[in-house]
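Just below is one structure, and these are the notes that go with it.
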Amino acid sequence: MKHVDLIAGARPNFMKIAPIIDALKAAEQRGGALRYRLIHTGQHYDKTMSGSFFEQLDIPEPDINLEVGSGSQAEQTAAIMVRYEKVLLERRSDLCLVVGDVTSTMACSIAARKCGVPVAHVEGGIRSGDWTMPEEINRVVTDSITNWFFTTSEIANDNLRRAGVTDDRIFFVGNTMIDTLLKQMPRLRAPKFWGALGLHEGQYFVVTLHRPANVDGEQQLSRLLRSIAEGTQGLPVVFPVHPRTAKSLHELEGQIPGIHYVDPQGYLEFNYLVKHAKGVVTDSGGITEETTVMGVPCLTLRDSTERPETVSVGTNELIGTDPAKLGPVLARLMAGQWKKGGIPERWDGRAAERIVAELERLVV
Ligand code: UD1
């Protein structure tokens with residue numbers, strides 16, 4: 001028997017880990033030797049940011065919850081490392097599998113490598129080049145100590161090669177976030193407020209904002225929301241508010257007509273909203289992948305992206321963080337002039353299957 005630790009810590013991890021668990025279970029039923037232990041770091045902890053994803057995506061209860069909770073970047077990193085190291089010292093595993101680019105990803109990979117446990121990184125190799133993002137630091141640090149990389153694109157493969165990683169450690173498997181999306185597509189369902197807000201297919205926008213450059217400071221957030229309200233010409237705008245954004249919103253709430261603030265949504269409700277929206281305005285990375293697969297126009301309020309294929313192949317456009325830039329782009333979208341987009345290579349719903357097939361070969 002070989003034991004793999006699966007690490008999940010924050011909201012964008014949960015949909016990436018779910019199909020890997022399914023594939024590991026299927027391999028076990030076929031008589032495979034891999035067993036897993038699901039470790040939740042507790043970086044995200046409340047029902048809306050964590051619990052509802054476990055329920056909706058049928059993710060089993062974590063075997064271990066490190067319960068680190070909120071804190072500064074250093075506090076969270078340190079607490080996760082200390083607690084995960086203890087877990088490994090009590091019962092070592094044969095592999096630590098991390099996903100994405102959140103603080104939990106970096107902290108657990110460091111703790112594992114220092115305990116002599118090899119690390120596999122799902123979504124390895126992506127780079128924004130923007131060193132003001134904590135996620136970029138998490139990516140580079142994690143990849144610098146990763147043994148095996150499971151990648152989502154040829155661009156990621158090239159980034160890794162440029163950093164000196166040899167091809168025998170890179171596995172271009174596709175995108176586990178898209179595995180989950182394709183599996184859940186038939187189950188997507190309208191949120192309860194659909195009727196109350198008067199939403200109709202293709203007749204509203206979805207907004208998500210949580211990056212410090214856009215939300216830490218009322219001025220910037222207020223300007224962005226005003227530009228969005230103007231540019232969407234009276235169509236309803238649904239804004240599921242991330243907890244960090246809520247702190248900057250208190251002064252603004254209710255003051256911008258057309259913008260509807262709602263709680264963070266469950267996976268099935270959020271992606272239903274995206275699928276039927278006229279467009280999405282966001283500063284998330286993961287959402288640009290989902291809009292690409294669903295063929296929904298996406299405006300990204302950032303200057304760079306670690307997922308360039310969502311722009312070159314998909315429906316995403318990088319707008320930057322200047323509110324003045326939004327007007328003309330939204331006008332183009334409202335006039336029906338948006339690229340159609342295609343689906344990036346190997347985003348076909350089978351990434352987790354490929355990952356587990358490789359793990360069965362690598363972890364022996
Ligand atoms: C984290 C990830 C980011 C990801 C985002 C998605 C890092 C560096 N960043 O950023 O990549 O896109 O999650 O959500 O890991 N909070 C709650 N309830 C929760 C969790 C958090 O109220 O369940 C509050 C925290 O107390 C904090 C704020 O939300 O005030 C931010 O949470 P934090 O985990 O620090 O980072 P995010 O900004 O969510």
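Just so you know, ligand 1 is whichever comes first in the structure, and atom 1 is the first atom listed for that ligand.
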Proximity of Tyr45 and His40 rings by center, below 6.0 Å: no

Atom indices of ligand 1 within 4.0 angstrom of Glu135 heavy atoms, with elements: 2 (C), 3 (C), 9 (N), 11 (O)

Nearest protein heavy atom with distance in Å, relative to atom 2 (C) of ligand 1: Val102 CG1, 3.7 Å

Aromatic plane relationship, Phe14 with Phe53 - under 30° parallel, 30 to 60° tilted, over 60° perpendicular: tilted

Check: Gln265 side chain, Asp263 main-chain N or O, donor-acceptor pair, under 3.5 Å: yes

For Asn138, atoms of ligand 1 separated by under 4.0 Å from a heavy atom: 8 (C)

Part of His44 with heavy atoms under 4.0 Å of ligand 1, whether side chain, backbone, both or neither: both

Distance from atom 17 (C) of ligand 1 to nearest protein heavy atom, with residue and atom: Tyr45 OH, 3.4 Å

Heavy-atom closest pair, residues Val313 and Pro344: CG1-N, 3.9 Å

Geometric cation-pi criterion Arg354 and Phe171, 6.0 Å radius, 45° cone: no

Over 12 foreign heavy atoms within 6.0 Å of CD, Glu230: no

Qualifying residue for side-chain contact (heavy atoms from CB on, under 4.5 Å) with Cys298, from Thr310, Val281, Thr288: Thr288

Proximal candidate to atom 24 (C) of ligand 1 [heavy atom criterion; set Gly42, Ser50, Gly51, Pro243]: Pro243

Shortest protein heavy-atom distance from atom 25 (C) of ligand 1, along with the residue and atom involved: Ser70 OG, 3.3 Å

Sidechain-backbone polar pair: Thr146 side chain, Trp148 backbone, donor-acceptor under 3.5 Å: no

Numbering as shown, the atoms of ligand 1 that approach Gln76 to under 4.0 Å (heavy-atom distance): 34 (O), 35 (O)

Donor-acceptor under 3.5 Å (Lys278 side chain, Val206 main chain): no

Heavy-atom nearest option to atom 30 (O) of ligand 1, drawn from Arg244, Lys47, Lys247, Arg211: Lys247

For atom 18 (N) of ligand 1, closest protein heavy-atom neighbour: Asp46 OD2, 2.8 Å

Heavy atoms from other residues, nucleotides or ligands near NZ of Lys339 exceed 12 (cutoff 6.0 Å): yes

Nearest-neighbour protein heavy atom for atom 8 (C) of ligand 1, which is reported as residue plus atom name and distance: Thr103 OG1, 3.2 Å

Subset of ligand 1 atoms that lie under 4.0 Å from at least one heavy atom of Arg11: 14 (O)

Numbered atoms of ligand 1 (with element) below 4.0 Å of Gln73, judged on heavy atoms: 8 (C)

For atom 12 (O) of ligand 1, the protein heavy atom that lies nearest, with its residue and separation: His210 NE2, 3.0 Å

Proximity to ligand 1 by part of Pro12, non-hydrogen separation under 4.0 Å: side chain

